[in-house]
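For the single chain, residues carry numbers from 1 onward in sequence order. Nothing here was measured: the structure is a model prediction, and the numbers come from that model. Every number for a ligand or one of its atoms is a count from 1 in the order of the listing.
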Amino acid sequence: MKKICVLAGDGIGPEVVGCAKAVLEAATDQLEFVEGKIGQAAFRDTGAYLPEETFDLMRGCDSTLFGAVTTPSLPEYSSPVLTFRKRLDLYANVRPVRTFARAGPSGSIDVVIVRENTEGMYTQNEVFDDSGVTTMRRVTRRACERIVDFSIDYALKNGRGAICCVHKANVLRSSDGLFLEVFRERMAGSGKALRAQEQLVDSAAMHLVTEPSRFDMIVTLNLYGDILSDVAAGVAGGLGFAPSGNIGDEHSVFEPAHGSAPDIAGKGRANPTAAILSGAMMLRHIGLTSAAQDIERAVTSVYLSGHLTHDIGGRHGSESFTEHVVRGLKSKESL
Ligand code: NAD
């Protein structure tokens, strides 16, 4: 049995995580779930957005399935998401985005975006003085090496043929320059199986929209990866299509790339696909590969048979879409 920590969080978090859990339970009997608190509800009950007992729970489980949290506009707020990513040393953020339903005007997308997850612009170190604010952006050789190595390993294990290093080294010559230098070094030493590509982040954003098939895998720094994965999700149909995994050497947390979507929370309209596919990524990561494949096939088959969610013009809300996926899993012949 594998023990999974479930952190539903705020807004649509509990809705989509509930759907993902139902699908996981239908796919395998190898999971035991323990629930923890994070976000606004945790703050109301304990005075902390990431209580220490939640953190201990995450550390003690085989993996964590997380929904999303709402960011309050308080100057002293410190993001529980950035906190667990750093404290659990989840240095790789993996976001596979692909078209499940209708291709956009520039065609289908099938890209994996790997983003450095612990430093860059997300140091949360902002220094005030009389003239304004300076944000400390950190890029270390060690972080560059391990994210590029992770990407190469991921590409080789998952049949990806090319990795594009996305950067802004023409302006940020030393910091992004270091990232690019490490990418070139590591790719040169990785053998001949993978093609190395390089692109500036601004034109990469444009090409993701106009020619998504140009990209197979992207490796990039923290903020660029955050933005580009939402661009890619938009090309695939919306944020409901972008699952993600935060992966370190010892721990892992899987979450949909979207936020708590307060505008649709409580309405049953959220697309649970990103959360369900995050669950499948988690299964694959903890070694339950066949159940992960079953879920991915079931989701694909539900979309192919025309059952579309509200966000892409269909009639399915979170629950009815999930019911179709669960039904597909229970009658595997339809997969
Ligand atoms: P968001 O991702 O919550 O929503 C952006 C838009 O996409 C909204 O119109 C929303 O309705 C739509 N959307 C998102 N997920 C969807 C889904 N599954 N199905 C259908 N539509 C979906 O981003 P936002 O509005 O910028 O942020 C809302 C809150 O979430 C903020 O407080 C933000 O700080 C927080 N946030 C949290 C995380 C996280 O917990 N990891 C990530 C991003 C944003």
ask   = Charged N to carboxylate O below 4.0 Å: is that the case for Lys21 and Glu35?
value = yes
Partner set under side chain to side chain donor-acceptor pair (under 3.5 Å) for Ser229, not counting sequence neighbours = Arg95
inquiry  = Does either side chain, that of Glu116 or that of Thr118, offer a donor lying less than 3.5 Å from an acceptor on the other one?
reply    = yes
ask   = On the ring face of Tyr224, is Lys168 found with NZ or CZ under 6.0 Å from the centre and within 45° of the axis?
value = no
ask   = What pairs meet the side chain to side chain donor-acceptor pair (under 3.5 Å) rule with one or both residues in residues 106-115, with sequence neighbours excluded?
value = Asp110-Arg160, Arg115-Asn222
query = Please, which pairs that meet salt bridge (charged side-chain N to carboxylate O under 4.0 Å, His left out) have at least one residue in residues 259-286, sequence neighbours excluded?
reply = Arg284-Glu296
Below 3.5 Å only, please: the N or O atoms of ligand 1 paired with protein N or O atoms, distance on each line.
residue, atom, partner, partner atom, Å
ligand 1, 2 (O), Gly259, N, 2.7
ligand 1, 3 (O), Gly259, N, 3.4
ligand 1, 3 (O), Ser260, N, 3.3
ligand 1, 3 (O), Ala261, N, 2.7
ligand 1, 9 (O), Asp263, OD2, 2.9
ligand 1, 11 (O), Asp263, OD1, 2.9
ligand 1, 11 (O), Asp263, OD2, 3.0
ligand 1, 18 (N), His258, NE2, 3.3
ligand 1, 18 (N), Asn271, O, 2.9
ligand 1, 19 (N), Asn271, N, 2.8
ligand 1, 30 (O), Ser260, N, 3.1
ligand 1, 30 (O), Ser260, OG, 3.3
ligand 1, 32 (O), Thr71, N, 2.8
ligand 1, 34 (O), Thr71, OG1, 2.5
ligand 1, 40 (O), Val69, N, 2.9
ligand 1, 41 (N), Glu255, OE1, 3.2

